[in-house]
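Heads up: the structure comes next, in C-alpha cells.
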Amino acid sequence: MNDIMSLGIHRLWKKYFVDLVLSKHNDNEKILDIASGSGDIFNLLPISKNLYALDPVSEMHNISRKKNNSKKINYKVGYAENLPYKKNFFKIITCTYGVRNFKNRKIGFSEIYRCLKKNGYFFIMEFGIPKRNLLKSSYKNFLKYVLPFTGSIISNDRYSYKYLADSIISFPSQNNLLEELINTGFFHIKTIDFISGANSIYIVQKK
Ligand SMILES: C[S@@+](CC[C@H](N)C(=O)[O-])C[C@H]1O[C@@H](n2cnc3c(N)ncnc32)[C@H](O)[C@@H]1O
C-alpha cells in the first residue's frame, strides 16, 4: 500500500527518517518502533541491539524476523494505547504510517510519553493532505476515486484502499496533530514536509 500511495518514494523517505533517528541515537540506549509492521525501519537502521518492535499483528513480526534475522529485536504483540513497557524506558520511539491507525491517539500519545525517558524523542512519519491549494484538491480526488479503484484492480481489495484513503482524509491537520502532542506534554522540535505535506516527519521531545 505504501508503495502505491507514494509510487515507491516512501523507501527514500524512510531512509531520510532513519538518518534523523540515527542523529539522536547513542549505542547504549533503547529504541522502540511502534506499529512496526514488516520491520522496514529496523531493516534500514544500521543498529543491531537494544531494538524493540511492537505491532498488534503477529504475522507482521514473522515477516520482520525473516527480514531482520541478523538483528536482536525484542518483539511484542500489542497496541500503542497499552504499551507493555516500564516508564522512562526508551530514548527514542518511532512510528511510521502507524499513528493514523491508533484507535485513541490521546491515550497512545500518553503511553508513548510515559515510556520515553526525559529528553527522549518521538519520531512520527505520516501521510497527510498537501497544503498547497492546487495539489490539495487533486490529491483528495486521487485518494477518493483513483486509490480505491487502483486497489481493487491490483489486489482485489477495494475496502483496504478505501480505508487507507479515508484514514488520510480524516487525519488531523499538522497544527491539530502538534496541538495533541503538545497537550500530552511534548515539546515540538521540528516538522519536515515532503510534497507540501503529503508526507511529513514530526519530531517531538519529552521535556
Ligand atoms: C501501514 S502499516 C506501517 C508499518 C511500518 N511502520 C512501515 O512503515 O512500513 C501500519 C501498522 O500499524 C499497525 N497498527 C494498527 N493499529 C495499531 C495500534 N493501535 N497500535 C500500534 N500499531 C497498530 C498495523 O498492524 C500495521 O502493521
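Start at 1 and go down the list; that is how both ligands and their atoms are numbered. Just so it is clear, the model here is predicted, and its values are computed rather than measured. The figures here come from the full heavy-atom set of this structure, side chains too, leaving out hydrogens, waters and symmetry mates.
Inter-residue side-chain proximity for His10 and Tyr97 is flagged as met; some heavy-atom pair is nearer than 4.5 Å.
Contacts between Ser38 and ligand 1 below 4.0 angstrom, taking non-hydrogen atoms only, are absent altogether. Heavy atoms of Glu81 found under 4.0 angstrom from ligand 1 belong exclusively to the side chain. Contact annotation for Lys14 and ligand 1: only side-chain heavy atoms (C-beta onward) come within less than 4.0 Å of the ligand.
Of the polar atoms of Thr96, at least one N or O is found under 3.5 Å from an N or O of ligand 1, judged by distance alone. Considering backbone and side-chain atoms together, Asp55 places an N or O closer than 3.5 Å to an N or O of ligand 1. Ligand 1 has a nitrogen or oxygen under 3.5 angstrom from a nitrogen or oxygen of Ala80. Residue Gly78 has no nitrogen or oxygen atom sitting less than 3.5 Å from a nitrogen or oxygen atom of ligand 1, judged on distance alone.
Separation of the Tyr85 and Phe90 ring centroids falls under the 6.0 Å cut-off.
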Atom pairs and distances, donor-acceptor, side-chain atoms in residues 42-51, under 3.5 Å, two or more places apart:
unit_1 : atom_1 : unit_2 : atom_2 : d
Asn43  : ND2    : Lys67  : O      : 3.4
Asn43  : ND2    : Asn68  : OD1    : 3.2
Asn50  : ND2    : Asp27  : O      : 3.3

Just distance, no hydrogens or angles: give the donor-acceptor pairs under 3.5 Å from side chains in residues 52-60, sequence neighbours left out.
unit_1 : atom_1 : unit_2 : atom_2 : d
Asp55  : OD1    : Val57  : N      : 3.0
Asp55  : OD2    : Ser36  : N      : 3.4
Asp55  : OD2    : Gly37  : N      : 2.9

Intermediate values then yes/no, salt bridge (Lys or Arg N to Asp or Glu O under 4.0 Å), Glu81 and Arg105: CA-CA 8 Å; Glu81 294 86 343; Arg105 276 193 307 278; over 6 Å; no
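The contact set between ligand 1 and Val57, taken as ligand atoms under 4.0 Å from a residue heavy atom, comprises 25 (O).
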